[in-house]
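Following: one structure in structure tokens, then a few remarks.
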Amino acid sequence: MSTRNREIHLASRPTGWPTAENFRLVETEVPTPGPGQIVVRNQYMSVDPYMRGRMNDAKSYVAPFALDAPLDGRAVGEVVAGEAESVRPGDTVLHNLGWREYALLDAKAARKVDPDVAPVNAYLSVLGMTGLTAYAGLLEVAGMKPGETVFVSAAAGSVGSLVGQIARLRGAARVIGSAGSAAKVERLRALGFDAAFDYHDGPVRDSLKAAAPDGIDVYFDNVGGDHLEAAISALNVHGRAAICGMIAQYNETEPPAAPRNLALVIGKRLTLRGFLVGDHNHLRAEFVREMSGWLRDGQVSYDETVVDGIENAPAAFLGLLRGENLGKMLVRL
């Protein structure tokens, strides 16, 4: 095992769009585990849109990243040191201390995964928090029922692409997705979306109306902004929206204009519900069982964009915010 560890620290808080200067690569000693602790050699780490909010010094549902300290996030790797009753060297574990090559954590904070069941990186995407977010948001938060029409924004992303496929497998009558390029639109069609459009090609409201002339029943929101406004107009009476993210406004320095048609929520009796995946852990066993079956039968596909090297983690994160990824953005360490 190496004696040197490299970490990515938050050097400064961004104003607007983050830049490379907001991050710093720091070399440290590999930590030594104490009682009940383990050291994990991270193999893959996840970068996710929610991390942009944690770079601000603002009160939120999760504490902001500290300055001059490593960022954190989901990671998977091999235990290389430490002894605990449930986790031993050689085990592969999932945990929350990414953005570093070696992580020191309490054994109780790690969850063992089986690399023989699926590639370890899948536990950060289709079989991990990403997949559970799609599953819980669509089926429990939005309460999608067979025969309904579903619209997904950022549908070529890690969550959105799974939402569309789950909707199809669970009996949606029509699944529509928006994405940011012609290549991504083609990928959505290959994944089984009934219709897809590039939001750069014209007003989202017009594109959605053309794709769903009879309206939509469920909207899975990853974007906010003009997508949410368009969805409110398109939602049928008693329609539901699961609000997962609003990446369109994460880097804005001025408060965004609210959707201009919010009054429609009243007459249409719409439900707009935000959610956090951590509130739906009771679905994990059901989700893993069903998703594993779909993967085994070849009914679900998932995309990953992989960037190599801890030193390139900031660039991977910035690329994610610019929409350069197809599916899940991962860093291989």
Side-chain angles (χ1 to χ4, degrees), residues 125-179 188-197 204 207-209 211-224 227-246 259 264-265 268-295 297 299-302 327:
S125 58
V126 65
L127 287 175
M129 183 177 72
T130 296
L132 181 58
T133 300
Y135 188 90
L138 177 69
L139 301 179
E140 185 163 84
V141 178
M144 191 214 86
K145 299 184 286 292
E148 293 190 317
T149 296
V150 177
F151 171 47
V152 188
S153 58
S158 57
V159 172
S161 60
L162 293 175
V163 171
Q165 294 179 82
I166 294 169
R168 176 175 51 80
L169 289 165
R170 281 297 196 96
R174 188 166 175 80
V175 180
I176 301 156
S178 71
L188 294 182
R189 292 178 177 139
L191 290 174
F193 282 69
D194 297 288
F197 60 86
V204 176
S207 297
L208 180 56
K209 187 174 182 179
D214 296 324
I216 62 175
D217 304 295
V218 169
Y219 172 47
F220 195 103
D221 190 15
N222 293 302
V223 174
H227 279 75
L228 178 56
E229 186 172 291
I232 289 172
S233 292
L235 278 163
N236 295 321
V237 172
H238 298 301
R240 291 92 61 206
I243 313 298
C244 178
M246 294 192 175
L264 292 177
V265 171
K268 290 186 175 185
R269 285 85 88 197
L270 303 180
T271 299
L272 312 182
R273 181 180 169 190
F275 74 101
L276 301 177
V277 66
D279 295 336
H280 301 274
N281 281 324
H282 60 281
L283 293 176
R284 182 176 298 278
E286 171 192 323
F287 154 71
V288 170
R289 182 173 60 253
E290 192 161 16
M291 182 59 75
S292 297
W294 288 332
L295 290 170
D297 296 340
Q299 294 179 289
V300 166
S301 298
Y302 63 99

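Heavy atoms only: backbone and side chains are in, while hydrogens, waters and symmetry mates are out. Computed from a predicted structure; not experimentally measured.
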Non-hydrogen atoms of Val175 and Arg168 that approach each other most closely: CG2-N, 4.1 Å
Working to the nearest 0.5 Å, report the span between CD1 of Ile216 and CG of Asp214. 12.0 Å
So, taking the atom named CG in Leu208 and the one named CD in Glu229, what distance separates them when rounded to the nearest 0.5 Å? 12.0 Å
Between atom CZ of Arg284 and atom CG of Leu132, what is the distance when rounded to the nearest 0.5 Å? 5.5 Å
Ignoring hydrogens, what is the shortest heavy-atom contact between Phe275 and Gly137? Give both atom names and the distance. CZ-CA, 3.5 Å
Which class fits the ring pair Tyr135 and Trp294: parallel under 30°, tilted 30 to 60°, perpendicular over 60°? tilted
Looking at side-chain heavy atoms only, is the closest gap between Val141 and His280 below 4.5 Å? yes
Tell me, with the steps shown, if Glu290 and Leu169 meet side chain to side chain contact (heavy atoms under 4.5 Å, CB included). CA-CA 11 Å; Glu290 192 161 16; Leu169 289 165; over 6 Å; no
Gap separating the CG atom of Leu162 from the CG atom of Leu138, nearest 0.5 angstrom: 11.0 Å
Between Lys209 (side chain) and Ser233 (backbone), is there a donor-acceptor pair under 3.5 Å? no
Contact between Ile166 and Met144 at the side-chain level, heavy atoms closer than 4.5 Å - yes or no? no
Any idea which heavy atoms bring Gly157 and Ser161 closest together, and the distance? O-OG, 2.8 Å
What is the minimum heavy-atom distance between Leu188 and Ala179, and which atoms define it? CD1-CB, 4.0 Å
Carefully, step by step, assess Tyr219 and His227 under the rule side chain to side chain contact (heavy atoms under 4.5 Å, CB included). CA-CA 10 Å; Tyr219 172 47; His227 279 75; 3.3 Å; yes
Taking it one step at a time, do Tyr302 and Ser158 satisfy side chain to side chain contact (heavy atoms under 4.5 Å, CB included)? CA-CA 8 Å; Tyr302 63 99; Ser158 57; over 6 Å; no
Just verifying a value: how many Å separate Ile243 CD1 and Arg273 CZ, rounded to the nearest 0.5 Å? 11.5 Å
Whether Asp221 side chain and Gly224 backbone form a donor-acceptor pair below 3.5 Å: yes
Value for OG1 (Thr133) from CZ (Phe220), rounded to nearest 0.5 Å, stands at 7.0 Å
Yes or no on side chain to side chain contact (heavy atoms under 4.5 Å, CB included) for Phe151 and Leu235, after CA distance, side-chain angles and deciding distance? CA-CA 9 Å; Phe151 171 47; Leu235 278 163; over 6 Å; no
Between Asn236 and Thr149, is any pair of side-chain heavy atoms under 4.5 Å apart? no
Provide the closest heavy-atom pair for Ala211 versus Ile176 in the form atom of the first, atom of the second, distance. O-CD1, 3.7 Å
Glu148 and Lys145 have their tightest heavy-atom pair at OE1-N, 2.9 Å
Partners meeting side-chain hydrogen bond (donor to acceptor under 3.5 Å, both in side chains) with Asn222 (sequence neighbours left out): none
